[in-house]
Protein chains: 2
Amino acid sequence: MLKEERLQKIIEQIAQDNKVVLDDLSRLLNVSTDTVRRDIKELSDKGLLKAVRGGAIIGSPVHPHFKERQHIDTHHKKVIAQKALEFIKPGQVIILNGGTTTTAVIAALPRDINLTVVTNSFPVVSILEDYPHVTVFFIGGELNKHAYSTTGHETIEAIRNFRADVCLMGICSIDLKLGLTGFTYQESLVDRAMIETSKYVIALSTYDKIGASDPYYVCAANAIDVIVTEKDPSTTDLSGFKEAGILIK
Amino acid sequence: MLKEERLQKIIEQIAQDNKVVLDDLSRLLNVSTDTVRRDIKELSDKGLLKAVRGGAIIGSPVHPHFKERQHIDTHHKKVIAQKALEFIKPGQVIILNGGTTTTAVIAALPRDINLTVVTNSFPVVSILEDYPHVTVFFIGGELNKHAYSTTGHETIEAIRNFRADVCLMGICSIDLKLGLTGFTYQESLVDRAMIETSKYVIALSTYDKIGASDPYYVCAANAIDVIVTEKDPSTTDLSGFKEAGILIK
DNA sequence: AAATATATTGCATAATATTGCAATGTGAAA
DNA sequence: TTTCACATTGCAATATTATGCAATATATTT
């Protein structure tokens, strides 16, 4: 039996009974429980069900696209996410923009953390949905179907009603002279508003985005407090940023 | 039995009897009282009930989780959804609240329809995400993890910035004298704001909710233009509503 | 076709979660 | 106060999961 057939059958079972049990599936599909477990993990990563000890239960009604975890599972993003965690302290108010990098940070948070998260990103909501001690404020606005986030006038206005301790900003490009720049106009406005309303700004960036630039200006480089990349800061030459008072992590 | 199933059953018990007793659950679920106690603690941590000596009682009025509600009355909801479609015309601005019934209406829309949808419901967004000609405005606010929607002051304020042609309102209870009433305070405020900002209000209600009432007042019955139920209107006796000028479908 | 990568699967082992039990602590009613 | 029912804590037994590895199958390139 093909793997896809198995996955299909698991989905069918869930649709029928709202749950599946590992051992049953193992027998039904004639594969080891390990394989079933891996199948369930795969479906769970896609947001099609929720893996629990011993099996799986029906997932949340949120669209699988909002839950697709594969693109936040890259090695670079995990490293960046792990480094970013040190800047997040319990009890703080965190604001963050859409994008896979910020989503990766949220996914790396311990499940019992106490936080207030302000965001315009639907995937972030779908992760925090079952973090019991995280209060989520969602920033409304017009749905941007590609970025899975909201933008527009309402979004900007709503952001201005918050004051965040920390802004986690997944960025398009950053350059010492040209500042932070973005790929779409609407998102650059949102990013700027988020940065302006935050006490401490952490830019999350893969190393190759440093020194690059995009069409829409967000803010000057010195509006950023920290840049987190996947590289060891001792092996990078970002002295210009350091001299501008920006911490490199 | 999966642990999640146990938790689920405890919730169901609470929803039914407003309380559970440790020993009963221990027998019913075939686990020790220790385990039941731990289950109750877990649910209590999530705010789904209130642990007391010897068992647990209903916490805040328990709104059954969206995940569970979506599988209740599915046939009725489909019928209601189908009837509701006739009131939705291309090009209109539709506002709708959270809940499984409104979600069912949205799911029944033809994929190529041209609409503007204003909502505070995450499941609705996740459906409309890939409707190419639907513009979605999401109403932000504090995430309500049980209803998958937002509530609170920001939500109310944001709603007031829109004027909708049609309001689709999934309702808790409606009574000719007591009016529309809801199960939670926050959601009743949202519902009222949505109704006030709409030209035409369609209440979506299973027949058994008519004549019932809940703790929180939303609006007078005559603020409603149409009530859509799963029954054929010729077989129902809702003459009181008809005399009040409300169309029954 | 052969060679090479890549994916899939099952197994062994270590890590983790769940559960029941026993000992001890605590609050409330008689 | 005393008693008793319940709660809490620590612990051990068991079940489940994660991980690395090797064997095999499958896809891709040369």
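Here is the naming used below: chain letters follow the sequence lines, and residue numbers restart at 1 for every chain.
Remark: A:K19 does not engage B:E4 in a salt bridge, criterion side-chain N to carboxylate O under 4.0 Å. Between A:K41 and A:D45 there is a salt bridge, since at least one side-chain N of the basic residue sits less than 4.0 Å from a carboxylate O of the acidic one. Remark: B:R111 engages B:D130 in a salt bridge, criterion side-chain N to carboxylate O under 4.0 Å.
Within the 4.5 Å cutoff, no side-chain heavy atoms of A:T155 are placed close to those of A:Q186.
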Expected list for residues 134-144 of chain A: side-chain donor-acceptor pairs under 3.5 angstrom, two or more places apart:
residue: A:N144; atom: OD1; partner: A:H146; partner atom: N; Å: 3.1
residue: A:N144; atom: OD1; partner: A:A147; partner atom: N; Å: 3.2

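B:D112 places no side-chain N or O within 3.5 Å of a backbone atom of B:H133 that could act as its donor or acceptor partner.
Looking at heavy-atom distances under 4.0 Å, B:V52 makes contact with sugar-phosphate atoms alone, never a base. Here A:V21 lies out of heavy-atom contact (under 4.0 Å) with every strand.
Interface limits on DNA chain D: the 5'-most and 3'-most nucleotides within less than 4.0 Å of chain B heavy atoms are D:dA5 to D:dT8.
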Polar atoms only, N or O, under 3.5 Å: list the protein pairs with nucleotides 7-9 of chain C and their distances.
residue: C:dT8; atom: OP1; partner: A:K3; partner atom: NZ; Å: 3.2
residue: C:dT9; atom: OP1; partner: A:R6; partner atom: NH1; Å: 2.6
residue: C:dT9; atom: OP1; partner: A:R6; partner atom: NH2; Å: 3.4
residue: C:dT9; atom: OP2; partner: A:R6; partner atom: NH2; Å: 2.8

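Scanning all heavy atoms of the two residues, the minimum distance from A:D214 to A:C172 falls at OD2-CB, 3.4 Å. Heavy atoms only, all atoms of each residue included: A:E230 and A:V79 are closest at O-CG1, 3.7 Å.
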